[in-house]
2 protein chains.
Amino acid sequence: MSETSEQPERISDAEHAVMEALWRRSPLTAQEVCDEVCGPRGWSLATVKTLLSRLVVKQALATEPDGKRFLYSPRIARSDYVGTESRRLVDRLFGGRAAPLFAHLARAEALTQDDIAEIEALLKELKS
Amino acid sequence: MSETSEQPERISDAEHAVMEALWRRSPLTAQEVCDEVCGPRGWSLATVKTLLSRLVVKQALATEPDGKRFLYSPRIARSDYVGTESRRLVDRLFGGRAAPLFAHLARAEALTQDDIAEIEALLKELKS
DNA sequence: CGTAGTCGATTACGTATGTAGACGATGGAG
DNA sequence: CTCCATCGTCTACATACGTAATCGACTACG
C-alpha cells in the first residue's frame with residue numbers, strides 16, 4: 001500500500017500556459033518553452049523557469065537531463081487535465097450534470113451549423 | 001466617461017460557495033448564510049463574515065441594513081457568473097469552441113438517455 | 001587556462017486565498 | 001441604566017500564485 005495517495009495538485013493559470021506549450025511539442029528546454037510563451041504573455045525567461053520548477057514539484061512535468069540543461073515533458077495527459085477541469089466546472093456550476101452545461105453553451109455561444117452537425121453525429125454514435 | 005471600467009473581479013472557490021447560498025435564497029444575514037454553508041464546508045461564522053466582506057468589496061454582493069445587521073444579496077446574476085466561468089473554461093481548454101467541450105463531456109461523462117434526448121431537443125430548436 | 005554566457009536553483013516580494021480570532025459598537029433583556 | 005449577546009470590521013497568518021532578480025556551477029570560445 002504505497003500511502004502516497006497523490007491526488008494531482010492543482011495547476012494554476014500561468015502554469016497551464018506552460019503545459020499547453022509542452023503538450024503541443026515536447027520535450028523542450030526552458031528556453032524553448034519561453035520562445036513559445038514569453039512573447040504572448042509578456043514573460044521573462046526567469047518566470048518560465050519558476051513555473052517549470054513548480055510544475056516539476058507538482059509532478060505535472062518530467063525532466064530528463066540533456067548535457068547541461070533539462071528537457072521537460074508532460075507527465076499528465078492533456079486529456080486527463082481537460083477531463084478533471086471540465087468535471088470541476090460541471091460539478092461546481094451545473095450540479096454535476098453535463099446536459100445543463102451544454103444547454104447553457106448552446107444558448108449563449110451561438111453554435112455554428114458545423115458545431116451542431118458535429119454534435120448530432122456524436123449523439124447518433126452514442127445512441128447506438 | 002466614468003473611468004471605472006469594472007471588469008468583474010474574480011470570485012474564488014470559497015467565495016463561490018457563499019454566492020451559491022445567496023443565489024438559492026436572498027437576502028440573508030451572515031448568520032443565515034453560515035447556517036447554509038458552515039456545516040458542509042466545516043467553516044466558522046468568522047470565515048463566512050470574511051468571505052461576505054470580500055464579496056462586497058468585489059461588488060458581487062449588495063448589503064442592505066436591517067437594524068443592527070446587514071442583509072446580503074447577490075449583485076450579479078448566477079447566469080452571468082456561470083456564463084463567464086464556462087467561457088473561461090472553453091477558451092482555455094477548447095480553443096474557444098463549445099463543440100469540442102461537448103464532445104469531451106459526451107465521451108467522458110456517460111450521458112443518460114434523458115440527457116441525450118434533452119440535448120437533441122435543444123439542437124432541433126437551434127436549427128429552426 | 002581564463003572568461004563570458006547559460007543553466008538550474010535559490011531567494012524575493014506583492015497580492016490573493018483560506019481560515020479565523022480579537023475588538024469595538026450597539027441593541028435588547030432585565 | 002447595565003450588561004450581555006451579536007454584528008460588522010480589523011487584524012492575523014499560512015499557503016498559493018504571478019513575476020522576476022540573483023547566484024553558484026559549468027561549458028564553450030578564444
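Lettering follows sequence order; numbering is per chain, from 1.
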Quiz item: Do A/W23 and A/L28 belong together in a cluster built from hydrophobic side chains that touch within less than 4.5 Å?
Solution: yes
Exercise. Check the distance between D/dA20's P and A/L45's CG and give it to me in whole angstrom.
Key: 11 Å
Self-check item: A/R41 bridged to A/E36 by N-O distance under 4.0 Å
Solution: no
Self-check item: Length of the line joining A/E15:CD and D/dA16:C1', which is rounded to integer Å
Solution: 9 Å
Quiz item: Is a donor-acceptor contact shorter than 3.5 angstrom present between the side chain of A/R54 and the base of D/dT19?
Solution: yes
Quiz prompt | Residue mapping more 5' on DNA chain D - nearest nucleotide basis, A/K58 or B/Y72 | solution = B/Y72
Practice problem: For B/L55 and C/dT17, give me the distance from atom CG to atom P, rounded to whole Å. | Solution: 10 Å
Quiz item: What is the distance from CZ of A/R10 to P of C/dA16, rounded to the nearest Å?
Solution: 18 Å
Quiz item: If you check every side-chain atom of A/A46, which of D/dG8, D/dA20, C/dG21 has the closest atom?
Solution: D/dA20
Exercise. Could you tell me the separation between the NE2 atom of A/H16 and the P atom of D/dC17, rounded to a whole number of Å?
Key: 14 Å
Quiz item: Base, sugar-phosphate, or nothing: which does A/T29 touch, judged by heavy atoms less than 4.0 Å apart?
Solution: nothing
Quiz item: Linking I/L/V/M/F/W/Y whenever any side-chain heavy atoms sit under 4.5 Å apart, do B/V56 and B/F70 land together?
Solution: yes
Self-check item: Short side-chain N/O contact to C/dG8 OP1/OP2 from A/S53, under 4.0 Å
Solution: no
Quiz item: Is it true that A/E32 and A/R25 have a side-chain N and a carboxylate O under 4.0 angstrom from each other?
Solution: no
Quiz item: Using a cut-off of less than 4.0 Å, is there contact between a side-chain N or O of B/S44 and OP1 or OP2 of C/dT19?
Solution: no
Quiz prompt | Sorted by number, the residues of residues 62-69 of chain A with heavy-atom contact under 4.0 Å to DNA chain C | solution = A/K68, A/R69
Exercise. Send over the distance from A/E32 CD to C/dG8 C1', rounded to a whole Å.
Key: 16 Å
Exercise. State whether B/S12 places a side-chain N or O below 4.0 Å from either non-bridging phosphate oxygen (OP1 or OP2) of C/dG18.
Key: yes
Practice problem: Round to a whole Å and report the spacing from CG of A/D13 to P of D/dT19. | Solution: 9 Å
Quiz item: B/K49 NZ to D/dC10 P: how many Å, rounded?
Solution: 13 Å
Practice problem: First locate atom NZ of A/K49, then atom OG1 of A/T29, and finally report the distance between them rounded to the nearest 0.5 Å. | Solution: 10.0 Å
Practice problem: Please determine if B/R88 and B/D91 form a salt bridge, counting it only when a charged side-chain N lies under 4.0 Å from a carboxylate O. | Solution: no
Quiz item: Counting N and O atoms only, with roles assigned by atom type, does the side chain of B/R78 sit under 3.5 Å from a partner on the main chain of A/L93, one being a donor and the other an acceptor?
Solution: yes
Quiz item: Does B/T47 put a side-chain nitrogen or oxygen below 4.0 Å from OP1 or OP2 of C/dA20?
Solution: yes
